[in-house]
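As structure tokens, the structure follows; a few thoughts come after it.
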Amino acid sequence: MEFDDGEWVITDGADVGDPATDGDWVVDNGDEGAVAGVFFHVVSTAARRPAYAPFGSHPRHLPDPALSFLPPAVSVRSSSHGLVLCRGAWSSYYVCNPATAHWTPIPRPPRPHPFLSSPALVLVSRPDSPSLFHLVCLLESGTGGATAYRFDTFSSATGQWRSDPAPFPTDAIVPRSGVSAAGVAYWRTASLAVLAYDPATGATRIFPAPPGCGGEWQLGEAGGGRLCCARVTDSAVEIYALGPSDRWTLLGLFAVAAGAEDGEKWEGGEPILCREAPRPLRFESANLEVVLWVDGRVVAVDLRSRWVRELRLDGLAPGPEEEEYVAHVLEPTSC
């Protein structure tokens, strides 16, 4: 999918601005609220460092995509409504706005977070007041045989940390699966369930993943602050949204045709033509938009408008750890 600098559309005479247009694919830069790009990490001769790549042919660039204004040796771990959470050494955390290069250090937690461990981190903010945020760390705290977990949470409103035990049966949490939606942090579990934690109230719950999530699936925030799930089957990428009583609703799907020959390249349209089945990545968008790994390329696809945008790496070489990709939305926020 190699696009010219000029934008192009496939409309069949339809109204491109109409999100209800059926079956017409549009290649564009995305509108306000669409996923703007992805943070990841590259390995140079000196060290492993953050990097950022945008979507679209005329993207909005960040003033310092490497986040060099932060202390050295940080890693990007989560993003929420324009703010980015980074982790450093010795239980150090930083929240920044990459669009303005403003950042703030977070006070160290009362109990150290071992650097060699992998706490499941989520930054939680709301679009109506994004400068108010919670940093949520889900850590193992068990001793002896069974594994237990606790939530260490920092609130920007109080400037304090608090610790809550996780009152649920022990189950393995997928550490780099965390996302936020509507002020709540969510993680995938190894038993094909979803763990939810509200940092404002301390409430915790577990509910099943969408039916059939035995293969590739990821969580994300989309469609106006809803928790969504992208699930890949043999023939489609399905998009679900969480509704009342923790029930999932299928919002739509993209047809998939895996098994393409070498040299064949998907250039938009349906089905998604690929050699191997797409793999969903964590996503965040105000639109009904998901991020997919398709034969080594990262694309953002909008279910309603049918926009297809490819990540512009411009010579950057991301590491192979797809779970470290962090989708980012540019919003007028401040730290």
Side-chain angles (χ1 to χ4, degrees), residues 39 50 67 69-142 148-168 173-188 195-205 219 221 225 227 282 284 324 326-329 331 333-335:
F39 281 100
L67 307 183
F69 52 86
L70 292 174
V74 301
S75 60
V76 176
R77 302 299 296 273
S78 183
S79 177
S80 180
H81 301 290
L83 299 182
V84 169
L85 168 65
C86 296
R87 188 188 186 200
W90 307 107
S91 304
S92 58
Y93 297 99
Y94 310 91
V95 171
C96 71
N97 181 349
T100 62
H102 293 162
W103 64 282
T104 182
I106 303 300
R108 297 185 190 274
R111 286 188 283 180
H113 298 168
F115 186 69
L116 295 180
S117 68
S118 184
L121 301 172
V122 176
L123 182 65
V124 179
S125 67
R126 289 180 174 274
D128 52 353
S129 54
S131 60
L132 298 176
F133 60 84
H134 288 90
L135 189 172
V136 182
C137 307
L138 178 61
L139 303 105
E140 292 187 9
S141 62
Y149 291 92
R150 75 173 191 270
F151 298 99
D152 283 0
T153 303
F154 175 82
S155 168
S156 65
T158 65
Q160 302 292 324
W161 287 86
R162 82 166 190 267
S163 186
D164 297 323
F168 54 85
I173 303 299
V174 181
R176 299 293 178 93
S177 65
V179 301
S180 67
V184 178
Y186 298 92
W187 295 268
R188 294 162 48 207
L195 165 66
Y197 173 74
D198 186 334
T201 64
T204 305
R205 70 187 196 277
L219 301 174
E221 182 183 28
L227 178 70
R282 287 181 295 171
E284 180 194 10
E324 292 197 2
V326 177
H328 182 64
V329 173
E331 295 192 8
T333 61
S334 60
C335 287

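Please read all numbers here as calculations on a predicted model, not as lab measurements. In this chain, residues are counted from 1 in sequence order.
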Next item on the list: Check whether any side-chain heavy atom of Arg176 sits under 4.5 Å from a side-chain heavy atom of Arg77, and report yes or no.
Entry: yes

Check: Parallel under 30°, tilted from 30 to 60°, perpendicular over 60°: which one fits the rings of Phe151 and Trp187?
Finding: tilted

Notebook entry, point to check: Does the side chain of Val326 come within less than 4.5 Å of Arg282's, by heavy atoms?
Noted result: yes

Next item on the list: Taking all non-hydrogen atoms of both residues into account, name the closest pair between Ser80 and Val124 and its distance.
Entry: OG-C, 4.0 Å

Checklist line | Any side-chain heavy-atom pair of Leu227 and Val179 under 4.5 Å | finding: yes

Check: Sub-3.5 Å donor-acceptor pair from the side chain of Ser180 to the main-chain atoms of Leu123, do we have one?
Finding: yes

Notebook entry, point to check: Side chain of Trp103, backbone of Pro71: donor and acceptor closer than 3.5 Å?
Noted result: no

Note to self: Tell me if a side-chain donor or acceptor on Ser177 pairs with a main-chain N or O of Arg188 at a distance below 3.5 Å.
What the structure shows: yes

Notebook entry, point to check: After noting the C-alpha distance and the side-chain angles of Val122 and Tyr197, does the key distance pass the side chain to side chain contact (heavy atoms under 4.5 Å, CB included) rule?
Noted result: CA-CA 10 Å; Val122 176; Tyr197 173 74; over 6 Å; no

Item checked: Considering all heavy atoms, the nearest Tyr186-Ala181 contact -> CE1-O, 3.8 Å

Checklist line | Heavy-atom closest pair, residues Ala196 and Val184 | finding: CB-CG1, 4.1 Å

Next item on the list: Find out whether Leu139 and His113 are in side-chain contact, i.e. whether some heavy atom of one side chain is under 4.5 Å from a heavy atom of the other.
Entry: yes

Next item on the list: Take His328 and Ser79 through the test side chain to side chain donor-acceptor pair (under 3.5 Å) and record every step on the way to the result.
Entry: CA-CA 6 Å; His328 182 64; Ser79 177; 2.8 Å; yes

Next item on the list: Report yes or no: does Ser91 contribute a side-chain atom to a donor-acceptor pair with the main-chain N or O of Arg108 at less than 3.5 Å?
Entry: no

Note to self: Nearest 0.5 Å, please: how far is OH in Tyr93 from OG in Ser78?
What the structure shows: 12.0 Å

Check: Mind checking whether Phe154 and Phe133 have parallel, tilted or perpendicular rings, split at 30° and 60°?
Finding: tilted

Check: Does Leu67 reach the side chain of Phe39, with side-chain heavy atoms less than 4.5 Å apart?
Finding: yes

Next item on the list: Over all heavy atoms of both residues, which pair between Arg162 and Thr201 is shortest? Give the atoms and the distance, please.
Entry: NH2-C, 4.1 Å

Item checked: Interatomic distance, Asp198 atom CG to Asp164 atom CG [nearest 0.5 angstrom] -> 10.5 Å

Next item on the list: Nearest 0.5 Å please: distance from the CG atom of Asn97 over to the OG1 atom of Thr104.
Entry: 12.0 Å

Margin query: Could you measure the distance from the SG atom of Cys86 to the CG atom of Leu70? Nearest 0.5 Å is fine.
Written below: 5.0 Å

Margin query: Return the CZ to OG distance between Arg150 and Ser163, rounded to the nearest 0.5 Å.
Written below: 5.0 Å

Notebook entry, point to check: Considering all heavy atoms of both residues, which atom of Pro98 and which atom of Cys96 are nearest to each other, and what is their separation?
Noted result: CD-O, 3.5 Å

Notebook entry, point to check: Can you name the nearest heavy-atom pair linking Pro107 to Gly159, along with the distance?
Noted result: CG-O, 4.4 Å

Note to self: Quick check for you: to the nearest 0.5 Å, what is the distance between Tyr149 atom OH and Leu195 atom CG?
What the structure shows: 9.5 Å

